[in-house]
Amino acid sequence: MTTTTFPRTRIALRLLSAAFLVTALIVSGGTASAAKKKSKAPADSQEETPPPAAAAPAEETPAPPAEEPAPAPAAAPAPAAAPAPAEEPMAPAPAPTAKPAAASAPTAGKPEAGAASPQRKRAGKAVELGLSPQTTSYAADNMGPPVANEAPAEDWGFKFHGFFRGPMRLSMSSETGRGIQFHAPPVTPDLNYTTWSYTNNNPGPWGEMIFQYGNNRAIMTMAIASYNISSGGWRELQDQLGIDRAFLTLNFPDAFGDVGKMTWNVGVFGDRYGAMGKYDGGAYDTYIIGRTRIAGATGTFDFDIADDFRLVAELGGGAKMDVPRWEKYPYTSWQPFPGYEQQGTTLLAHAHVGAVYANMLTLTLHFMYTWTKDAMRTNINDKTDFPSSQADPGNDTTLSSPGSGLPDAKAATRDGSMRILGADLRLDGGYLGIGYLGFSSIKSQNAGVLQDSIEVIHSQGGWQFTNNYLGDKGDGTVNTIALQYTFSLAALLMRPQAWWGQGADFTAQIFGIYTWITGLDEKYTAPGAFFAGITGTDGLGTKKLKMGTQLLYTPLPVMSVGARLDWVQPNMDNSDHTFWVISPRLIFRTEFVTHEQIIVQYQYYDYGNWYNKAGNGVASTNLPGGMPWPGLPYPYGQAGNLWVPTQPDKHTVTIAASMWW
């Protein structure tokens, strides 16, 4: 095999190498420039430098500078002022305007510290076009960032952030002769995070802790995460994600002099693009552009073009650190699903360009590409012996997926790739509301052999993407439009005064995702036993729509009352596949602006006729029978399932506590 067979790989590696080389040259020049400025700065200007750094993060840093006698009196009341900055991140307004609010707190003697001077504007890291990997994966209903957005301290220090959610979720049904039955987790078609029908209306447990050490130039981030809390559930090993990411962030605020700054993340982490929410994945908790899951590097270049206009460029790349081991089906349910065939070493490259106006509007263009070219993988698949019970009827030599057949015997030996093009517009408009509008087009070729280098539209990796949208061969194009908008009545009435959520309010939110699939093979057929995503015996729905609204009234500091309505059409060509759910809820907390909340919720589901027929749907194993909705958790849908229900439940109740810090 000649080197000409790797054009994309070589181009991507050359681009990444060139980026590092340019970075090295810029950093050396920027450091020299900064040194000259510092040597020429008068003594009085050097005394003015510490207050901006101490304005926001001083309360978070355990050891304030002791060698500065002038700021010492102001540092004394800092512990008393700590609650005010802690509440600032809950504000829905842009972070840069949060500094004046802190000045109106007990630290009234520091209003100038929050002023937008040129030095202050360049301080810290560059503005990222996606959600920062330094933040937690979830936030509280768009009300606050999952981690404080303060500028890092100049001195070396330690920080600890996190988020947890502990829900009790039960669904109920009535069985003839046995009365009311209870099921945990709920038996509903929108519960599985990795299927398109997921609504995020009744999310499961989650725990995440982020540990950071560093200063405003270099900071290490390490995160521990889990989507199960062991003492309250079954201790399934794959639920415990362990050390989920570990990486180093380097900030160069003077990389481009007065024009802009630069930030690099290097290590094992995930960039998140196409999130509908301001601080997390939004109403449906997904990413229409993509969330990376690789070891590598991402550089962000932030240029101040004008007072209210910035141009941001972001590029990165990397690869999965190892290759999962393929095992014959059935596999033990506590191990991660190995895919339909041996996956190969998977690489990823991505680039983004965004224009930011007045910290209010951000328009971004996206490109992402992940691929595998691994002869070792194809050789393994060539030599793999599959039992005839798992092969296609009449062709025992065809490579097959667990529990079903792959009609194309060459699928396992072909190289795989996924190309993502997209654009999105983000609004952070204060009293105008918080909004997102995005589009993505994902073209896949033999996606089943790709590892989970990218998570996109409820699919982690190639085999899940194939299941959810492409059927058998992993070839086709998936297009998606996503919309979310949140409006606050109090923010509108309080204008031009900034609104931080510190009073009674009424908020309304609308959201929706429309997905359509093109480019499927003319001979496309949906296997009868796919694990997830198939919408019925009549095949995969090529047009999908889900939308909803959420209303929330907060009359008291300690309580909110609201409701959410979701409408889900997995197959727009067949209305029998549609279901909807209404969810009245109460939310309790200790203050208007705080970190914690307790949700008490009831849900009522109404289903189309298709869900009431036991013969519809797909079985997740080779056991006879089927289930009328895909991807249920054990014991209702995974390997070794003990019971295959004939109908989903219509009633659920939830009590969930959550907190971010």
query: What's the verdict on side chain to side chain contact (heavy atoms under 4.5 Å, CB included) for L470 and S444, showing C-alpha distance, side-chain angles and the deciding distance?
result: CA-CA 9 Å; L470 305 178; S444 300; 3.7 Å; yes
message: Just verifying a value: how many Å separate Q460 CD and F465 CZ, rounded to the nearest 0.5 Å?
response: 13.5 Å
- prompt: Taking atom CH2 of W567 as the centre, does the number of heavy atoms from other residues, nucleotides or ligands within less than 6.0 Å exceed 12?
  reply: no
query: Looking only at atom types and distance, does a side-chain atom of Q445 sit under 3.5 Å from a main-chain N or O of G474, one as donor and one as acceptor?
result: no
query: Is the cationic atom of K546 (NZ for Lys, CZ for Arg) positioned less than 6.0 Å from the six-membered ring centroid of Y284 and within 45 degrees of its normal?
result: yes
- prompt: About how many Å separate CD of E128 and OG1 of T249, when rounded to the nearest 0.5 Å?
  reply: 7.5 Å
message: For the residue pair T372 / Q451, report whether a side-chain donor-acceptor contact shorter than 3.5 Å exists.
response: no
message: For a 4.5 angstrom cut-off between non-hydrogen side-chain atoms, does I420 reach I454?
response: yes
message: Distance alone, cut at 3.5 Å: any donor-acceptor contact between the side chains of N228 and Q240?
response: no
task: Considering non-hydrogen atoms only, spot the tightest contact between T477 and S441 and give its length.
output: CG2-OG, 3.6 Å
task: Take H577 and M572 through the test side chain to side chain contact (heavy atoms under 4.5 Å, CB included) and record every step on the way to the result.
output: CA-CA 8 Å; H577 295 180; M572 295 183 68; over 6 Å; no
Salt-bridge contact D452-K320 (side-chain N to carboxylate O under 4.0 Å): yes
- request: Check each of N265, T292, D271 against T298 using the side chain to side chain donor-acceptor pair (under 3.5 Å) test, and report the only one that passes.
  value: D271
field: Side-chain donor-acceptor contact under 3.5 Å, T194 with N192
entry: yes
query: Is I442 close to V456 at the side-chain level, that is, under 4.5 Å between some pair of heavy atoms?
result: yes
field: Heavy-atom side-chain contact between P203 and P167 under 4.5 Å
entry: no
message: Check this for me, if you would: do E208 and R165 make a salt bridge, where the nitrogen-to-carboxylate-oxygen distance has to be below 4.0 angstrom?
response: no
query: Hey, would you say the W206 and Y138 ring centroids sit under 6.0 Å apart?
result: yes
message: Is there a side-chain contact between R169 and T652 in this structure, where contact means two heavy atoms from C-beta onward sitting under 4.5 Å apart?
response: no
- prompt: Taking the six-membered ring for Trp, are Y369 and W371 ring centroids under 6.0 Å apart?
  reply: yes
- prompt: What about W516 and Y514, are their ring centers closer than 6.0 Å?
  reply: yes
- prompt: Where do E455 and Y287 land on the side chain to side chain contact (heavy atoms under 4.5 Å, CB included) test, with the steps shown first?
  reply: CA-CA 7 Å; E455 173 188 338; Y287 312 94; 4.0 Å; yes
message: Under a plain distance cut-off of 3.5 Å, with no hydrogens placed, do S459 and Q464 share a side-chain donor-acceptor pair?
response: no
- request: Kindly give the heavy-atom pair with the smallest separation between G422 and I289, and that separation in Å.
  value: CA-CD1, 3.8 Å
query: Is the NZ or CZ atom of R291 both under 6.0 Å from the centre of the six-membered ring of Y273 and within 45° of that ring's axis?
result: no
Donor-acceptor side-chain pairing of T515 and W196 below 3.5 angstrom: yes
Minimum heavy-atom distance G448-T466, with the two atoms named: N-OG1, 3.4 Å
statement: Correct closest heavy-atom pair for G281 and L131 would be N-CD1, 4.5 Å
message: If you define the side chain from C-beta out and look only at heavy atoms, does anything of I210 sit under 4.5 Å from T136?
response: yes
message: I need the minimum non-hydrogen distance between A297 and V266, along with the two atoms involved.
response: CB-CG2, 4.0 Å
- request: I would like to know whether D424 and Y436 meet side chain to side chain donor-acceptor pair (under 3.5 Å); could you show each step before the answer?
  value: CA-CA 7 Å; D424 53 19; Y436 176 86; 3.1 Å; yes
query: Which value, rounded to the nearest 0.5 Å, describes the distance between H350 atom NE2 and L348 atom CG?
result: 6.0 Å
message: For the OG1 atom of T345 and the CG atom of D374, what is their distance to the nearest 0.5 Å?
response: 4.0 Å
message: Could you tell me if the side chain of D190 sits less than 4.5 Å from the side chain of Y198, heavy atoms only?
response: no
- request: Give, for atom CD1 of I288 and atom OG1 of T480, the distance between the pair rounded to the nearest 0.5 Å.
  value: 6.5 Å
message: Is a donor from one side chain sitting under 3.5 angstrom from an acceptor on the other, for T135 and R272?
response: yes
query: Any side-chain heavy-atom pair from V478 and Y469 closer than 4.5 angstrom?
result: yes
Short N-O contact, D566 and R564, less than 4.0 angstrom: yes
task: Begin from the C-alpha positions of S453 and R293 and carry the test side chain to side chain contact (heavy atoms under 4.5 Å, CB included) through to its verdict.
output: CA-CA 5 Å; S453 57; R293 296 172 173 270; 5.9 Å; no
task: Determine whether the side chains of T300 and E314 contain a donor N or O and an acceptor N or O closer than 3.5 Å.
output: yes
- prompt: Side-chain contact, heavy-atom cut-off 4.5 Å: T188 with P648?
  reply: no
query: Minimum heavy-atom separation for Y227 to D239, with atom names?
result: CE1-OD1, 2.9 Å
message: Could you check whether any side-chain N or O of R426 sits under 3.5 Å from a backbone N or O of G277, counting only pairs where one atom can act as donor and the other as acceptor?
response: yes
- request: Can you measure from CG (L363) to CG (L129) and round to the nearest 0.5 angstrom?
  value: 10.5 Å
- prompt: Is there a side chain to side chain donor-acceptor pair (under 3.5 Å) between Q603 and T654 once you walk through the steps?
  reply: CA-CA 8 Å; Q603 292 179 294; T654 300; 4.7 Å; no
task: Classify the side-chain pair H458/N468 by whether it contains a donor and acceptor separated by less than 3.5 Å.
output: no
task: Check whether any side-chain N or O of T346 sits under 3.5 Å from a backbone N or O of G344 as a donor-acceptor pair, and report yes or no.
output: yes
